[in-house]
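Computation of the quantities below employed the complete heavy-atom set of this structure, encompassing side-chain atoms and omitting hydrogens, waters and symmetry-equivalent molecules. Order of appearance sets the numbers: ligands from 1, and atoms from 1 within every ligand.
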Amino acid sequence: MALSLAACSSGGSSEGGEGGGALVGVAMPTKSSERWIQDGDAVKKQLEDEGFKVDLQYAEDDIPTQVSQIENMITKGAEALIIASIDGTTLTQVLQDAADADIPVIAYDRLIRDTENVSYYASFDNFKVGQQQATSVLNGLGLVDLEGNAIDGAPAGPFNIEMFAGSPDDNNATFFWDGAQDTLKPFIDAGTLVVKSGQTSFEQAATLRWDGETAQKRMENILTSSYSDGTKVNGILSPYDGISRGIISALTDAGYSAGEEWPIISGQDAELDSVKAINNSGEQYATIFKDTRKLATAAVEMTVAVLNDEKPEVNNTEDYDNGKFVVPSFLLDSQIVVKDNVNEVLVESGYWTAEEIG
Ligand code: BGC
């Protein structure tokens, strides 16, 4: 396989691209979140443009479904796999089957853990994403600018904040959390920020499967247990737009009203409903834009390279230890989006149109 692809690519931009009709299996976690639909579409299109055939599957966040989808891809003769895992620790056996069939595996956005059978990892700088999420909360509270620099004459606080984390089985969730804590810590230590619920550990803050309803319930419980005395929560660290929307529902149900008393809420993924909430209602303050088109390009380039027995470009060989080895990674940059730069970051890049954002 490697030989035929190499032969194909050595002829320059050969007809049909580098793929030569080879099948690539693409396993995505769920369609319930817009970003993964965009990821799947972008990876499929870019692979097809390279001349590959594509088997794109979504597992609706069900682990056995994802495992059997990957098994099917192997049976169908996939020559490479691109996988965004649901639980990064559950693919060890199926990836052994892939390795036995000499099928290279690219971990897509989420690190696949506990296996030697992953070739490369394409993602974003996830620690930095967490720092950006925290910076966006601090920015909304008037404490720092969007680069994280202190603002002269910033309010002294104290501000009440609450913190949410992502799914504990997703390697990214701890990176986001650690990055965010790194940025928030000096403000918590100085007493500028107070976590009124006292729920400051990752375990307390985690949200299984990144589920918005789970987050909504936790927010409701926190409002009941820690804010019934009439004090208000001023800022909420949220690691994902779907979690932010759950939090917003809890606040609305608890009688928070738009304007002065509405808290600053972060997010991630620039999902359309959340971008609208940033741009129009103001219920969400910020999100983090991760350009899924660029991530798709990185994963497709890795796939082409490994199938040609070439080394793809990587820019991190230190941070992503999957429990067996440090997986060579290519990490992309992310951007904070607030109302002021929605147009510049999301519309001018063609990610959303002005009409879609409304
Ligand atoms: C991704 C985030 C996403 C989250 C929930 C993470 O692995 O990196 O972009 O918000 O999963 O889907």
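For the atom pair OH (Tyr58) and OG (Ser33), the distance works out to 9.5 Å, reported to the nearest 0.5 Å.
When heavy-atom distances to ligand 1 are checked against 4.0 Å, the residues falling inside are Arg35, Trp36, Asp109, Arg110, Asp170, Asn172, Phe176, Trp210, Tyr240, Gln268, Asp269, Lys290, ordered by chain and number.
Every residue two or more places apart in sequence or in another chain that forms a side chain to side chain donor-acceptor pair (under 3.5 Å) with Asp145 is listed here: Asn149. Every residue was checked against the side chain to side chain donor-acceptor pair (under 3.5 Å) condition with Trp177, not counting sequence neighbours, and none meets it.
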Please table the atom pairs, donor to acceptor, closer than 3.5 Å between any side-chain atom in residues 151-167 and protein atoms at least two apart or in another chain.
residue : atom : partner : partner atom : Å
Asn160  : ND2  : Lys232  : O            : 2.9
Glu162  : OE1  : Ser197  : OG           : 2.6
Glu162  : OE2  : Lys196  : N            : 3.4
Glu162  : OE2  : Ser197  : N            : 3.0
Glu162  : OE2  : Tyr227  : OH           : 2.6
Ser167  : OG   : Asp169  : OD1          : 2.6
Ser167  : OG   : Arg209  : N            : 2.7

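The residues Lys128 and Asp333 are annotated as salt-bridged, a charged nitrogen and a carboxylate oxygen being separated by less than 4.0 angstrom.
Between Phe175 and Tyr320, the ring planes lie parallel to each other; the angle is under 30°, not in the 30° to 60° tilted range.
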